[in-house]
Every structure is written in structure tokens, then in C-alpha cells.
Amino acid sequence: MTVDAALPGALRPSPKPRPSPGPRQDMVFVEVDQGRMLRSLLLAPPVLLLLGLSAVALAANWSRLGLDLAGGRLLPVGTVGDVWSTYLASWHPVAGGTAAPAPAALAVLGLVPGGPQLAVAVLLLFDIPLAALSAYIASRGMRVRRSVRAVVAAFYGLLPVSTTAVAEGRLDVVVVHVVAPLVFAGVYAVLRASSTHAWLAMASGTAIGVAVLGAFSPLSHVVTLVGALVGFVAVSGGARRIAALFAIVLLPMALLLPWPAVLLQHPEMVLNGLGAAYSSPPPNLIVCSVFVAAAFAAAVLRPNAAMLPGLFVIVLAIGALAAVTAVSAWPGTALVILAWGLVWVVLAGCQRGVAPGVAGRARVRRAVYVVGVVTLASLGVAGLLDLRTGPLRAGGGEQLSASLTAELERTGRSVLVVGTPTRQVAGRMPAFGDDDLVPTTSSPARIRRWTTSLLDGSSSAVGVALAQAASSGVTFVVLPTAADAERVRAAAGELVSVALPTSHGRPVLRIRLTADTGVLLPPDLARRARTGGDPPAESSTTMAPVNVTLPDVAVRVSPGSDGRVLVLAAEDEPGWEVFVDGQQVPVVRAWGHLVGVPLPGSAAEVRVTMSTTLRDLLLLAQAAAALFTFLTAIPTRRRQA
């Protein structure tokens, strides 16, 4: 045996090891990998979608960039403190005073990091990219290429109805445009997969989205609840699905307390939506028909079962559109919901694994691509032009001069802003949420009567209107034009004087009648006030103005004649409680609509409050529901087997 055969492994030369790469080579490989990752990230469809549409939004809204947006249907939004104080207040000095609950949208804006003004500015200025990103995320469960999802989401972001809503300050429609796809995806996921380990977090997160929709747009809330209930009937499931359904139906109602009680008493507010009173022509339905054509083509060329949820949303949106049209309300919310249903149908037609049919031919595909690109570019140009118009502006909120504003804040008296509509607010100028407060029964007719008398009335009618306004606490009157102010001055004479104009240049008049937030009437005027007469249209030395802080009043009245009445500049409505020397006494109505306190001839301590027991209980229930929902919405790690 040879040595090679006996010891092959010992005598055969071992292979020469390869030299390991040095530190410089490792660094090159890492840099190359990082460059590829960065390039792939920047070229990812959602990133391109967000960056491209953000550039479009900035270019279109360049003239209105700012945090203090107002105009059209958006009144100025206050600070965090202003928003929360208004929301938690039991009585609001609007339209002469009302104890109606404030809209839940104030609480939603108060919870957003950065403050309400920043939240409103981001929503309005970047509605296009936010809505497109929402649609892209909501469709992540569909078997559609990311590039196709991004293009379809861009179509949804450039929806013409939404650009019109932004230009007109329609915050309710903008919120629906951004949040509706995520809520739809949440409800759809709850109905399909509530048996998974994360069903509770999924249901709670969806409930938060539904509550946000309901806070700004009650109509979209109703549409969501109807869709969830019908979907539950159509899809059978176990106990978890039933619990999840109750979560997305009942939890949003609890999160919005006490706002749902207002909607039940005034169902017309469901169709009108949230925001200041503002009328505008209907949106351009010709441009919106692009979505209908695309969905119809997808349904004909590539029909499949995944289109059914979108078709169901379309049916619900058509019903909502019919209801809105019946009351002549602006149909923006219903059209946004309709557009999302159409987008879902288009995405379902673009799924992989669907029999291509006619759409699978190369010539048809190329034609669809060309038409899609042209349409997307047309929508972008239309949105750019639409957003450059409209009443929404930065710094668009009308304000009084600094001295008059300080006087209103110090005295708590009211300003009457005459216009369409006329608004009466105490302590400040009108702000976001004021037009959504339900006034007392007599307030709208009274304010309309004042407006007619001031703008078109005779000298006697102007004097009576000014006397009634002064008795309600009004000290400043803002008129539409200088000609209107001259007409009122000529009719009123010495009852008014000229004050500094507003920031928009509108004339302001000061009422020079004896009045304040409270007035002590002598017996003769007290009898006149209790029998429904009009306040005197001249200054009186027998009336004593009393500056009180509404709604909680605590004053001591000196001795005087029997039959005196303390009149407060607050509308008489259920809930007022009056105590004289510790004894509760009934409220008397003064001048036909104000709170009056009958006084004895001796000195007395007067205390007036607005009952808040029911509202406090509802707010506690809301806080408990919010704590439960936010805690359960946090996903938990799945337990190991």
C-alpha cells in the first residue's frame, strides 16, 4: 500500500482558505445595502403618494397657510382652554343664553396634540394627502398591487367634493373624507374576523373612529351604524362577533354623551352636519361622475364577490343623498361616502386572481392606464383651481378692536353681529361650535325680528329693537355696511354712538341705554316687564344696572320698595334655580323671555344657578366610556400556547 493510499487525509495538501473581507469591504457592503433600502423606501408607492399629494395641497393652499383658519362654514377655533371651557360649561352665552350641550367635536379637537387650531389647519390644508393615505391603508387587506392601490387612493384624495369642502371651510365633510375609509375597514374587519385574539382591540379602535365621525358628521354616524347592523345580519357569527357589534354600535354613543340627546331632540341637525350656517351651490357632479364611470367599468369587466361591500356602501350613500336632498342640505357627506363605495368597487376589480375577461387584453389595459393617468392629472388640476377659491382664509375670523374685546371679556356683555345669520354672543366674538348650540325656543324669532328692525325698520322700530337688545345684555352692534350703520344712527339718535370698526372694517355701534348683565327694576317697570311689555327706549335713572357673572349669580340687594325684580340677561328656560335669603322662589319671566327674580322690600341675598346634575352624570358616563375604550383599543400580545 502506498503512503498516499494509507494516509490520504494526512499527506494530501489542505485547500487554501479564502481571505475574509476586511473592514473596508464590510463598510462598502453596508453602505450599498443602506442605499438600496433608502432608495426603495423613497420610491415606495405610499411614500410617493404622500409626498406628491402633499406638494399639490401646499401649492393649492399656499394663500391660506396658517393656524388661524376661518371663513365660510368655519368660525374661528379657540385655544385648548377655550374649547374645553365651552364644552364643559353647563350654560353657553350664545343667542341670549342656552343650557343645551355643546357639540362633541369640541372635545375631539381638545384632545388632539398640538391644540385645536393646529388640528383644524392640518385637516383642511392637508386633506388631499391624508384622505389618500387613509384610503391606501384601508385597502391593505385586498390583493392589489401597491402601485395600483396608490393610484386609486390618489383619485379618492383628489375627490372634487372634498376640495370644495376645504375651500368653504366645511370641517365635517373633510373629517368624513379622511376618517370614513378607516372606519369602513374597521367595521369590515370586525364583521369578518371578530373571532381572532385581537377582536376587542379591533372593535374598540373602530368605535373611536365611529365616534369621531359622529362628533363632526351625525349623518355619517347613522350610515355607519345602519351598515354595521345590516352586515351583522348578513354575516353569521359567534358570541365575540355579537359583542364586537355592540361595541361599535353602543360605545360611540357613550363616547359622544351628552351630544346624542341633542340629536334625538333635533333630528334635522343630523342632515345639516356641523358648522356655521353657510349656503353655497351644490358641488360639481360632472367631475364626480368619473368615479361612477370607473366603478361601472370595473363591475362590468371584472365582477367578483369582493365588490359587494362597496356596492352596499353605495346603496347606503344613495339613501343618505336622498334624505339630504329632501331637506335642501349640502350633499357633501353623502357624496364622499358614495365615492368611497365606488373606490372599493374599483379596487375589488383590480385584485389579483380575478378572471380578467375583456380587461385582460393588452390593448384594453393600455387604454385603461392612459385614461387613468389623464383623469388623475385632470382631477389634480381641478382640485388645484378649486382650492385657490373659496372663503376660507388664514386670519379669516372677524374680531373687534383690542379695547372693545377687553371690555367684553371684563363685563361679560354681548355683541350682536348682524348678518346672515345674525349672532348674539356674550364676552367674545362668535367662535367654532356656536351655531351648533340649540337656542331657546324664542331666540331665533327674536333675533330675526331685531335684524329686520335694525336694517329696514322705522325710528320707533329701531328704538324698540335696541332697547330689547340692551335688556338682553347687548352693548355692541356690528352692522354689515357703513350705509346700514348710518341708517341706524339716523333712526336711533342718541341711543347709539360710534365705536372702533372690526378687523374686517365693518362698522360697530355702542348702545347707550341703561343696561348690564343684570338690571334692578323698580315696581312700576317690574309690573311692565312681568306683563310682557317692551323695555323703555330711553335711558332711565330708576333702573339700576347690576354687573353679575352668569349663570352663577350671588348678589346682596339693599332695602327698597316691594315688587322689585332683578332681571338677568339670560333666556328663561328649564333648569334655572333662584334662592332669596336661602329660600327657593319661582322664576318670573321678564320682558317676555328673560330670567326675573322677585325681590322683597327688605335687604336680601340672591343666588341664581343653572342645574347641572343630569349633565354632570352624562359627562361622568362619557369619561368612563372613554377610559374603557382607549384602554381596550391598545393591542395586547397574543398568549403563547
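Remember, predicted model here, so these are calculated numbers, not experimental data.
- Taking a cutoff of 4.0 Å between a charged side-chain nitrogen and a carboxylate oxygen, D435 and R73 do not qualify as a salt bridge.
- The two residues W344 and G310 make their nearest non-hydrogen contact at CD1-N, 3.3 Å.
- Nearest heavy-atom pair, P101 versus L437, reported as atom, atom and distance to 0.1 Å: O-CD2, 3.7 Å.
- In this structure, the side chain of T164 engages the main chain of P160 through a donor-acceptor pair within 3.5 Å.
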Apply side-chain contact (heavy atoms from CB on, under 4.5 Å) to the pair V270 and V222, showing each step before the final yes or no.
CA-CA 8 Å; V270 175; V222 173; 4.0 Å; yes
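- Not one N or O on the side chain of T629 forms a donor-acceptor pair closer than 3.5 Å with the backbone of A626.
- Here the closest non-hydrogen pair linking P45 and S147 is CG-N, 3.9 Å.
- By the 4.5 Å heavy-atom criterion applied to side chains, L106 and F432 are counted as neighbours.
- Using cut-offs of 30° and 60° on the angle between ring planes, the pair Y188 and F184 is parallel.
- Between the side chain of D436 and the main chain of G275, a donor-acceptor pair closer than 3.5 Å is present.
- Note: L342 CG to L311 CG = 9.0 Å, rounded to the nearest 0.5 Å.
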For V425 and V417, what are the C-alpha separation, side-chain angles and deciding distance, and is it a side-chain contact (heavy atoms from CB on, under 4.5 Å)?
CA-CA 8 Å; V425 185; V417 183; over 6 Å; no
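- Counting heavy atoms from C-beta on, the side chains of F155 and V346 never come closer than 4.5 Å.
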Apply side-chain contact (heavy atoms from CB on, under 4.5 Å) to L256 and H221, showing your working.
CA-CA 11 Å; L256 297 175; H221 189 180; 3.8 Å; yes
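- Side-chain N or O atoms of Q622 include one that pairs as donor or acceptor with a backbone N or O of L255 at under 3.5 Å.
- Checked by atom type and distance alone, the side chain of S217 never pairs as donor or acceptor with a backbone atom of L213 at under 3.5 Å.
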Apply the test side-chain contact (heavy atoms from CB on, under 4.5 Å) to residues R423 and L75: give CA-CA distance (whole Å), side-chain angles for both, the deciding distance (0.1 Å), then the verdict.
CA-CA 12 Å; R423 300 180 176 97; L75 291 174; 4.0 Å; yes
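- At least one side-chain heavy atom of H177 sits less than 4.5 Å from a side-chain heavy atom of L159.
- Listed here is the closest heavy atom pair of L392 and L69: CD1-CB, 4.1 Å.
- Residues L245 and V190 form no side-chain contact, since every pair of their non-hydrogen atoms from C-beta on lies 4.5 Å or further apart.
- The side-chain heavy atoms of R615 and P258, taken from C-beta on, include a pair separated by under 4.5 Å.
- Residues G78 and Q117 come closest through the heavy atom pair O-CG, 3.8 Å.
- Atom CZ of R146 is separated from atom CZ of R140 by 14.0 Å, given to the nearest 0.5 angstrom.
- Side-chain contact between L133 and L53: absent, with no pair of heavy atoms (C-beta onward) separated by less than 4.5 Å.
- Between Y156 and A131, the shortest heavy-atom contact is CD2-O, 3.6 Å.
- With rounding to the nearest 0.5 Å, the separation of CZ in R170 from OG in S162 is 13.0 Å.
- A donor-acceptor contact shorter than 3.5 Å is absent between the side chain of S134 and the backbone of V179.
- The side-chain contact (heavy atoms from CB on, under 4.5 Å) with V336 is formed by just one residue from the set V174, V176, V178, V175; it is V176.
- The closest donor-acceptor contact from the side chain of D68 to the backbone of G66 lies at 3.5 Å or more, if one exists at all.
- A distance-only check finds a donor-acceptor pair linking the side chain of D434 to the backbone of A431 [under 3.5 Å].
- Using a 4.5 Å cut-off on side-chain heavy atoms (C-beta onward), M269 and V438 make contact.
- Results of the side-chain contact (heavy atoms from CB on, under 4.5 Å) test with L109 over W84, Y87, F216 single out F216 as the only residue that passes.
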